[in-house]
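Heads up: the structure comes next, in structure tokens.
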2 protein chains.
Amino acid sequence: MLSQAAEDYLKSIYKLQEKGGKVSTGVLAEFLNVKPASVTGMIKKLKSMKLIKYERYHGVTLTNAGKAIALEVIRHHRLLELYLFKALGMPWDGVHDEAEKLEHVISEDMEERMDAYLGYPTSDPHGSPIPDKNGVVPKTASIPMTSLQDGQSCVVAEVNDSDSALLRHLGSFNLYPGTRFRVIEVAPFEGPFTIDVAGQQAVIGREVAKHIFVDDIHDT
Amino acid sequence: MLSQAAEDYLKSIYKLQEKGGKVSTGVLAEFLNVKPASVTGMIKKLKSMKLIKYERYHGVTLTNAGKAIALEVIRHHRLLELYLFKALGMPWDGVHDEAEKLEHVISEDMEERMDAYLGYPTSDPHGSPIPDKNGVVPKTASIPMTSLQDGQSCVVAEVNDSDSALLRHLGSFNLYPGTRFRVIEVAPFEGPFTIDVAGQQAVIGREVAKHIFVDDIHDT
DNA sequence: TGTAAAATTTAGTTATGCCTAAATATTTTT
DNA sequence: AAAAATATTTAGGCATAACTAAATTTTACA
Ligand SMILES: [Mn+2]
Ligand SMILES: [Mn+2]
Ligand SMILES: [Mn+2]
Ligand SMILES: [Mn+2]
């Protein structure tokens, strides 16, 4: 059995790799909140297990075996988030931390039971896709809210799940995945977005908007 | 935060202490499946944390602080077993292993949510009492099945939870907590018990009977 | 193209929690 | 009460996974 630490490394490499190909030691260290020297150590272990490809000073990428494990952990995480949300009524800003710990210890049987209970869902409470049993990730085609223009209407597709204060903030405007809103005004010089959510006006700063991804855009 | 290993030591000391006061290094080692030398090491750590009382060569007992942690872990374990059983439909012979891992990882919030979902239960699927939030253990007054006589009728109160093959065996006779049965015959010379469970006859060996505890005994 | 800055790796340390083998204390037996 | 058997502790190691400080490699830029 792989250690929790190793699983978290693989999961993190997967996520970082999505955005930019090879993953450097420094970026991974930053992401995992450890020192670069520690990352070098774990990288060697993962390489010896053939879970990553690695050349000194040149970053890492997952092998197929490593990717399969990463996706399994991500599947656990997202199923758990949705399960805790739906079955135990946990708030959407609380499920991430709980899932972060549980993801490494649940059995395949428990995974399957949650999946069945939830009706084989394809996304978690923050809109992130849940990989299926075979590691196939449902396609999502959302764009960053920051690229929206005045007058456009759209649906929240996905939000960053790891900052619970941000999630509470979004919750206060009812900005959950599936919620439609319309851009009233984008303030100039990289300014905030004024939006309309179900008749209520809200002002969303750039920094917040960066963590929101949207879908189904219409000009109005 | 206490390590998982330390939590398991405290839980084990609590359980062994229930039966026989002071807990010796060897008994604890046997129970935890580690070597006595490892136990000595952990004992020193737990003593330095003031969670146990200890004198070299003379065994350990829990302090109040240690007992509180032990009961908290046991509460997690038993709530989890019942939750997995009721909410996810896991078989009663599967919940122990799952709970053994989850017990160290769940938050107080999750504990409370499971407790509420289950309606503040007082016993787990194997009949063991669930300590309440304040560490108060519901009183149970069951006696070992091995002390039953011919013709006595009783109700299953509690069974040993950690041997899943044994649990499957008991399940095949419908011997769950709450099930009433009647002793038809106790074979002489420490022989097996022939019992009647809801009209069906079953033969239960001594070794199995040792792990069954009963209640509400009537002579018939 | 050489040097300075930045990133990464190596070397050496720490803490946890397990192990085996040897030493020591306790308990039982004679 | 001493010797033998049993239980426990100490001593020394190993694996994991972090850290700091120093050395090395890459990259950026003058
Ligand atoms: Mn998450
Ligand atoms: Mn994790
Ligand atoms: Mn159990
Ligand atoms: Mn445990």
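First the proteins, then the strands, lettered A, B, ... as listed; each starts at 1. Here the structure is a predicted model, which means the values were calculated and not measured.
- Within 4.0 Å (heavy atoms only), A:A5 reaches sugar-phosphate atoms of the nucleic acid but no base atom.
- For D:dT10, the OP1/OP2 oxygens have a side-chain nitrogen or oxygen of B:R56 closer than 4.0 Å.
- OP1 or OP2 of C:dT9 lies within a sub-4.0 Å distance of a side-chain N or O belonging to A:Y54.
- Where A:S3 and B:E55 meet DNA chain D, the nucleotide closest to each residue was compared, and B:E55 sits on the side nearer the 5' end.
- More than 12 heavy atoms of other residues, nucleotides or ligands sit less than 6.0 Å from atom NZ of B:K15.
- The base of C:dT24 is paired with the side chain of B:Y57 by a donor and an acceptor separated by under 3.5 Å.
- A salt bridge links A:E207 to A:K210: at least one charged side-chain nitrogen sits closer than 4.0 Å to a carboxylate oxygen.
- Looking at which nucleotide of DNA chain D each of B:P36 and A:K35 is closest to, the 5′-most match is held by B:P36.
- Counting only heavy atoms from C-beta outward, the side chains of B:L10 and B:V73 never approach each other to under 4.5 Å.
- Contact annotation: B:Y9 side-chain N/O to C:dT16 OP1/OP2 distance is not under 4.0 Å.
- As judged by a 4.0 angstrom heavy-atom cut-off over every strand, A:G41 is placed among residues making no nucleic acid contact.
- Between the side chain of A:K101 and the backbone N or O of B:V105 there is at least one donor-acceptor pair closer than 3.5 Å.
- Counting any heavy atom pair closer than 4.0 Å across all strands shown, B:T25 reaches sugar-phosphate atoms only and no base atom.
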